[in-house]
K.L.:
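Let me begin by handing over the structure; questions about it come next.
Here the structure is a predicted model, which means the values were calculated and not measured. By convention in this document, chain letters (A, B, ...) are assigned in the order of the sequence lines, proteins followed by strands, and residues within each chain are numbered from 1.
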Number of protein chains: 2
Amino acid sequence: MPATSSARRTDSRPGGRSARVRAAVHQAVRELLTDEAGELTIPVVATRAGVHATTVYRRWGSVGELLADVATSRFSGDIVVPDTGSLRGDLERYAYDLAKDLCDPDTLALVRATIGIGGEQGAAACRGERQRQLEAILEREQARGTQPPSLERTTDAVLAPLYYRAVFTNDPLTPDWTHSLVAHLLPD
Amino acid sequence: MPATSSARRTDSRPGGRSARVRAAVHQAVRELLTDEAGELTIPVVATRAGVHATTVYRRWGSVGELLADVATSRFSGDIVVPDTGSLRGDLERYAYDLAKDLCDPDTLALVRATIGIGGEQGAAACRGERQRQLEAILEREQARGTQPPSLERTTDAVLAPLYYRAVFTNDPLTPDWTHSLVAHLLPD
DNA sequence: CATACATCGCAGCGATCACTGCGTTAGCGA
DNA sequence: TCGCTAACGCAGTGATCGCTGCGATGTATG
């Protein structure tokens, strides 16, 4: 059989068997997290994903590692670093995007569960690329010739309130509020 | 003295049998949380506490409710609202105390686990009285005749960074850093 | 086309979990 | 002091979990 237009189904590429199983398991985890009633155990996840629990046990080992994997793939590369031309514009856009992301109950449940089970490592997976994205924004401002606030200060003023309000409270993350965070960081 | 026949709480005083069991179970939960290896399940907690699992099942029902109870009693009334005479002094003292509290690995593990399992309700238990204490500090300043920052603003500037850094990062909560949080909130 | 390898499904195993009647004990009120 | 009631200990049950050989299936390579 000529392999011309025939689909190249390598297992490690999107569409392969292993990738399909991984995607199904990830989606099952996210669904069970939103349900809140589900116990989020390996057999339950496997059944929901349509695969056998054996597969999940062998590929991930424990619920903690599975959650960390889901969180990592969830919080990696889905927020593009904005470039609006000014630091204020970049931060406002960044804060707005992050707020919209954290508002999703699905995402929020994933963050909480990952922190609770994964501990230190899970928390790191939840921060994901946020810190690096913030750093990139500040470095870009520095390249423009202006001295931006430090990464620590920006984290305290923007990132921390967003995560705190989302994870610990019920208050909505409104655009006005995210705007005010940047306004307090950058007076003028 | 109310003459209610059914509302007689025989065992609610400190030192009673019920109180001893409660204290033992709470301590077992905290110990197992620090171990991190423990599975934090009802039978394990009960064995560690020296009581029977039946008792734990009947009094708390689930690990989530048990954790919420531990968190509530842990985060209630152990930080006295300071009164240094000035808003700045009050906030600095408050931030320092809270940072010292959140630095404890035991407390941190409790916060993470409670959030992860208890969800919205667990998160509320972890905030505990912090928000009200902050509100009390601000109200006292208002009684002094000065207009303090809003509760929302103070939460974003002080409370949120403290919780975020403790829960999501490995960075230490140094006194200098907590001091800088208040300094940024209250310029002059 | 044939071989080699990785991944998955299947059945089943000890262990533990969540939960439930029933008898016993501890502590308050009279 | 004595009775009453809530709380606890005990033993046991069905269900589920975590995990492990073994065979089947699909995927890449020569």
Side-chain angles (χ1 to χ4, degrees), chain A residues 1-29 32-33 35-69 113 116-118, chain B residues 1-29 32 35-69 73 113 116-118:
Chain A
M1 173 189 288
T4 52
S5 61
S6 179
R8 295 177 301 176
R9 290 283 180 95
T10 302
D11 218 16
S12 58
R13 295 180 185 175
R17 178 173 58 164
S18 197
R20 279 198 307 272
V21 170
R22 179 183 151 104
V25 170
H26 277 212
Q27 183 178 350
V29 169
L32 286 173
L33 280 175
D35 284 3
E36 186 73 25
E39 269 293 318
L40 198 69
T41 179
I42 302 266
V44 174
V45 170
T47 301
R48 182 126 188 173
V51 298
H52 264 70
T54 316
T55 304
V56 182
Y57 279 117
R58 278 201 264 259
R59 284 190 61 166
W60 286 277
S62 69
V63 183
E65 302 178 53
L66 175 55
L67 265 179
D69 187 42
I117 300 181
Chain B
M1 178 75 75
T4 50
S5 57
S6 61
R8 193 178 63 179
R9 307 187 63 86
T10 65
D11 220 1
S12 60
R13 304 201 315 205
R17 181 174 57 163
S18 198
R20 280 199 305 272
V21 169
R22 179 182 150 103
V25 170
H26 278 210
Q27 183 179 351
V29 169
L32 286 173
D35 284 3
E36 185 72 28
E39 270 294 317
L40 198 69
T41 179
I42 301 269
V44 174
V45 170
T47 301
R48 182 128 188 174
V51 297
H52 265 71
T54 315
T55 303
V56 183
Y57 279 117
R58 278 200 266 258
R59 283 189 61 164
W60 287 279
S62 69
V63 182
E65 301 178 53
L66 174 56
L67 265 179
D69 186 42
S73 78
I117 300 181

K.L.:
Can you tell me how far C1' of D:dC17 sits from CD1 of B:Ile42, to the nearest Å?
P.N.:
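Nearest whole value for this atom pair: 16 Å.
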K.L.:
Of the nucleotides C:dC8, D:dG9, C:dC17, which has the atom closest to the B:Thr55 side chain?
P.N.:
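Out of C:dC8, D:dG9, C:dC17, the nucleotide with an atom closest to B:Thr55's side chain is D:dG9.
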K.L.:
Rounding to a whole Å, what distance do you find between A:Glu65:CD and D:dG18:C1'?
P.N.:
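Spelled out: CD on A:Glu65 to C1' on D:dG18 is 13 Å.
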K.L.:
Within the pair A:Ser62 and D:dG18, is there a side-chain N or O less than 4.0 Å away from OP1 or OP2?
P.N.:
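For D:dG18, OP1/OP2 do not have a side-chain N/O of A:Ser62 under 4.0 Å.
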K.L.:
Looking only at the side chain of B:Tyr57 (C-beta and beyond, no hydrogens), which of the listed nucleotides C:dG9, C:dC19, D:dG9 gets closest?
P.N.:
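Minimum distance to the B:Tyr57 side chain belongs to C:dC19.
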K.L.:
Can you check the B:Arg59 CZ to D:dC8 P distance for me, whole Å?
P.N.:
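Computing the B:Arg59:CZ to D:dC8:P distance gives 5 Å.
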K.L.:
Using side-chain heavy atoms (C-beta onward) and a distance below 4.5 Å, is A:Val25 in contact with A:Thr55?
P.N.:
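In short, these two side chains do not touch, never coming nearer than 4.5 Å.
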K.L.:
Remember a base hit wins even if backbone is also touched, and classify A:Val56 as base, sugar-phosphate or nothing at under 4.0 Å, heavy atoms.
P.N.:
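Here A:Val56 touches no strand at all.
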K.L.:
Decide yes or no for A:Val21 and A:Arg59: does some side-chain heavy atom of the first lie under 4.5 Å from some side-chain heavy atom of the second?
P.N.:
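Yes - at least one pair of side-chain heavy atoms lies under 4.5 Å apart.
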K.L.:
So if I take every side-chain heavy atom of B:His52 and compare against D:dA7, C:dC8, D:dC10, which nucleotide ends up nearest?
P.N.:
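Per side-chain heavy atoms of B:His52, the pick is D:dC10.
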K.L.:
Are B:Thr41 and C:dA18 close enough that a side-chain N or O sits under 4.0 Å from OP1 or OP2?
P.N.:
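Checking B:Thr41 against C:dA18: at least one side-chain N or O falls below 4.0 Å of OP1 or OP2.
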K.L.:
In terms of the nearest nucleotide of DNA chain C, which residue is placed more toward the 5' end: B:Val63 or B:Arg58?
P.N.:
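Mapping each residue to its closest nucleotide by heavy atoms, the 5'-most match is B:Val63.
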K.L.:
If you measure from CG on A:Asp69 to CZ on A:Arg22, what distance do you get to the nearest 0.5 Å?
P.N.:
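Taking CG in A:Asp69 and CZ in A:Arg22, the distance rounds to 4.5 Å.
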K.L.:
Is there side-chain contact between A:Val45 and A:Val63, with heavy atoms separated by less than 4.5 Å?
P.N.:
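Answer no - side chains too far apart.
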K.L.:
How many Å lie between CH2 on B:Trp60 and C1' on D:dA7, as a whole number?
P.N.:
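The distance from CH2 of B:Trp60 to C1' of D:dA7 comes to 11 Å, rounded to the nearest Å.
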K.L.:
Rounding to an integer number of Å, can you tell me how far A:Arg20 CZ sits from C:dC8 C1'?
P.N.:
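Going from CZ in A:Arg20 over to C1' in C:dC8 covers 12 Å.
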K.L.:
If you compare every side-chain N and O of A:Thr54 against the phosphate oxygens of D:dT20 (OP1, OP2), does one of them come in below 4.0 Å?
P.N.:
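Checking A:Thr54 against D:dT20: no side-chain N or O falls below 4.0 Å of OP1 or OP2.
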